[in-house]
Each structure stands twice: as C-alpha cells, then as structure tokens.
Amino acid sequence: MSMIKTLKVAVVGAIMMIPTFAFGQAYGTVATQTLNVREGAKLEASIVKQVGLGEDVEIVSQQDGWLKIILEDDARAYVKAEYINVHRVVAVVDVNDGLNVRDYPSTENGNIIGRFESGDEISVLYRVGDWYKVSQEGFEGFVHKDYVKNRSQVDFLSYLPTAKLTEVRRMTVTQEEALAAMVEVEQQEQEQTNNSQQSSSSTNSSSSKPSSNSSSSSKPSSNSSSSSKPSTNSGSSSSNNQSSSTGSATGASIVSYAKQFLGNPYVYGGNSLTNGVDCSGFTSQVMRHFGISLNRSSSSQYANNGYHVSSDNLQQGDLLFYGYNGRVSHVAIYIGGGQIIHANDERTGICIGNAFPSRGKPYIGAKRVI
C-alpha cells in the first residue's frame, strides 16, 4: 500500500473545457509575486493578464528571452523567461537500441530498474551532473543526458533546475512494480465503485415495491429477472461494475459516463477519474467501467487493443490517437460531431476538444474497442 501511495501525486487545478487541444513542450510555475502576461515578446506589448506566484504555466516555445505560453482560451501570450521556474520538460529518447533507466544517477552505483525505447516520450524533471531525473506514466528513474533530446527546436532542457548528487535519493520502485501498482489502484477504485453501486442498488430495491402489490416476491413489471438490477443493464450479473458486459457498452453510454468527469484534474501517471488521471489512464478507467480491459499506455492501446477504423467512419466511443513522427503519445475518446473528451494536460484537466485540431499533436489513427 505504501508503494501505491508514493505513486499518487498532488491534484492540479483544472479548467472545464477548451475548444481545441494543444500540448506544451515544458511546464513551470511563476516565480515572482505578480507577472505580466503580454501579447508579444517585448515590454512594449499590451498586458493581457497578470498571474501570481506559484501559478502553473504551459510553455510552447521561446523567443529572445521570452516564453510563449498557452492561456485558458487556447490563445498564446508571452512572459519573461527569468520569472518562470521550469519543473518539467517533455523530451524524447534518442538511442537506437533502447535506454536503461537506473535507480541512481551512476552506471557504477545505479541498478537498472526499467527501460525506454527509442522515440519514447518522457518527462524530464531536473538534471544532476550528466544525468536526468525522468518520469513516464508513474515510473521514475535516472537516464544519461546524452540519450535524451528536446521534442522541439527549443532547448527547454537547459531551463531545468539542477540538483547535487548528495540531494538525490535512490529510487525504490521498478518499472514493473510501478505498472503493477497502477493496476492495483485501478482495482481498488473499481471495488469501491462496485460497493457503492451495490449499496445504492440494495437501497433502491428495498423501497421499490409498489404499495398495491401484496405479493412477498413482487418485482417491477419491467424486469423479468428474479434479482433486481437497474433496468438499463442487461448483464447477467449486474450490480458489479466490472461484470457489466461489453455487450452493454454503447458509444453513447461510454460518452455519457466519461462526461461526468469533465473538469477533473490531469495528473501525469494518475489513475483516478476524480483525483487525477493522465490520457491513457482516463481511457482505460472509462472503458473498465464497462468491462473493457485496455493496456495502460497510449502506445500500447494503439498497438494491442481493438481494431482500426478510418477517420471517416468514426463512432462515439472510439479511441483516437495522436503523436509526433507516427509515434503514439496521446489518446482520447471520440464523442461525435468532430469532438473528443480526454485528459489533456495539467492546465486543462479532463476536457472536450477538437478531434482534428490545427495545432498540437498530429492525429495518427483510431481504434474501436466495443
């Protein structure tokens, strides 16, 4: 249980909805009491708004000592780079035969606890000597800086803070254990949901007998089953969420369920639809509610789950995948009308966006899992 707790991170504030979705190259916080956000990368540019100490910013590019950030309405504006503390940079693994992840920043003293493949998208948190502290979907470790590159043309990695070797603690969770912990968290949350639904179902059934019916075994006339179940569920065992058959899952029901979590926070590596989840955690948790099991990462979902459908044949509930250079690194649920619902990023949380945005990660493909 303690290992699971260590993998849960703090909840980040979220904004309900945005018209499109975009992805930052780096993330940081305001390092001064009040910071002007301007229309252009110069002091003479008009002030769009002001942000306060500790507020989160999503950074997309850099220009002459200014950082271009994304605002709540998906517009772009600029802040002086010197007033932003960058704490996470999205980077790419750049080595042909894979990259070992170690529990300590040293080849001599660091044990291998995981592995990334070439082209994998990772988060870099800080630098210690010639090593980077990195994270990927709840798993953390150290990799040598020579095998990691910026995802964009801007050297955002140079903005990261540095740490002394004496300040670094050895990682205690392997990649395999991190994945197992995620699964355990999902199962625990599923059990809690099931217990809550069972309790609710039991309460409803005890008060649902018509007063005009004196039979001791009366049942609602619309339900021919001998054990009470919600009328919308045709599964044979149903007050258990997980036993809700894939046959009962329709695109509309999946979309309706997913929309209940709009505005909830994005947490990198998170698995909770209420307290924080990332993109693939969101899709796997939503589908799990309908008894559909998905792989945990977006790339694995694209490679292993469901079957391919064309972009002109999309239906509600289909999974849409995005990424650079053909490598999947984001997943969303299609809700119809050219829109998706997804756990976008720290700034927006779970939101609705354009399925085929003009900017951001390019669309790669779609899979149907129902």
Check your understanding: Considering the options V124, L125, I59, which one meets the side-chain contact (heavy atoms from CB on, under 4.5 Å) requirement together with V86?
Key -> I59
Review point. Do Q175 and V101 come within less than 4.5 Å of each other through their side chains, counting heavy atoms only?
Key: no
Study note, to complete from the structure: Shortest non-hydrogen pair, E58 vs G24, comes out as OE2-N, 2.7 Å
Review point. So which heavy atom on G338 is nearest to which on N354, and how close?
Key: O-OD1, 3.4 Å
Exercise for review: Taking atom types as modelled, find out whether T162 and R127 have a side-chain donor-acceptor pair closer than 3.5 angstrom.
Suggested key: no
Check your understanding: Any cation-pi pair here, R170 with Y104, using under 6.0 Å and within 45°?
Key -> yes
Exercise for review: Using modelled atom types only, decide if a donor and an acceptor are shared between the side chain of D345 and the backbone of T348 within a distance under 3.5 Å.
Suggested key: yes
**Study point:** CA sep, side-chain torsions, deciding dist, call: Y257, F290, ring pair (Phe, Tyr, Trp, His ring centres under 6.0 Å)
**Key:** CA-CA 10 Å; Y257 178 71; F290 296 92; 5.8 Å; yes
**Study point:** Donor-acceptor side-chain pairing of Q301 and N295 below 3.5 angstrom
**Key:** no
Check your understanding: When you check the side-chain N and O atoms of S253 and S256, is any donor under 3.5 Å from an acceptor?
Key -> no
Review point. Do T174 and E176 have side-chain N/O donor and acceptor atoms under 3.5 Å apart?
Key: no
Check your understanding: Does a donor on one side chain sit under 3.5 Å from an acceptor on the other, for R296 and S280?
Key -> yes
Point to revise | Heavy-atom pair of closest approach, residues A178 and F139 | key: CB-CB, 4.0 Å
**Study point:** Student check: side-chain heavy atoms of I364 and Y324 closer than 4.5 Å
**Key:** no
Revision key, fill the gap. dist T283:OG1 -> I340:CD1 (nearest 0.5 Å) comes out at 11.5 Å
Point to revise | Atom pair CH2/OH of W66 and Y78 - distance to nearest 0.5 Å | key: 10.5 Å
Review point. Are Y132 and D146 close enough that some pair of their side-chain heavy atoms sits under 4.5 Å apart?
Key: no
Study note, to complete from the structure: For residues 305-326, the salt bridge (charged side-chain N to carboxylate O under 4.0 Å, His left out) pairs (sequence neighbours left out) are D318-R368
Check your understanding: Hey, is the main chain of S297 close enough, under 3.5 Å, to the side chain of S300 for a donor-acceptor pair?
Key -> no
Point to revise | Short N-O contact, K80 and E82, less than 4.0 angstrom | key: yes
Check your understanding: Can you tell me how far CD of Q285 sits from OG1 of T274, rounded to the nearest 0.5 angstrom?
Key -> 9.5 Å
Review point. Rounded to the nearest 0.5 Å, how far apart are CD1 of I350 and CD1 of I333?
Key: 9.5 Å
Exercise for review: Nearest 0.5 Å please: distance from the CG atom of N344 over to the SG atom of C351.
Suggested key: 4.5 Å
Practice item. Measure centre to centre between the rings of Y302 and H308, then say whether the value is under 6.0 Å. Key: yes
Point to revise | V328 side chain near S298 side chain, heavy-atom distance below 4.5 Å | key: yes
Check your understanding: Is there a side-chain contact between V57 and V30 (heavy atoms, below 4.5 Å)?
Key -> yes
Practice item. Work out which heavy atom in Q25 is nearest to a heavy atom in V60; give both atom names and the distance. Key: CG-O, 3.4 Å
Point to revise | Whether Y322 and H330 hold their rings parallel, tilted or perpendicular, with breakpoints at 30° and 60° | key: tilted
Practice item. Using modelled atom types only, decide if a donor and an acceptor are shared between the side chain of T32 and the backbone of L35 within a distance under 3.5 Å. Key: no
Revision key, fill the gap. Here the gap from I254 atom CD1 to K259 atom NZ, rounded to the nearest 0.5 Å, amounts to 13.0 Å
Review point. Y27 ring centre to R88 NZ or CZ under 6.0 Å, with the angle to the axis within 45°?
Key: yes
Review point. For Y307, is the NZ or CZ atom of K367 found under 6.0 angstrom from the centre of its six-membered ring and inside 45 degrees of the ring axis?
Key: no
Study note, to complete from the structure: Minimal heavy-atom distance between F156 and Q62, with the atoms involved, is CZ-N, 4.2 Å
Point to revise | Basic-acidic side-chain contact under 4.0 Å: D120, R327 | key: yes
Review point. Is the gap between the ring centers of F116 and Y147 under 6.0 Å?
Key: no
Review point. Does some side-chain heavy atom of V267 sit less than 4.5 Å from a side-chain heavy atom of D278?
Key: no
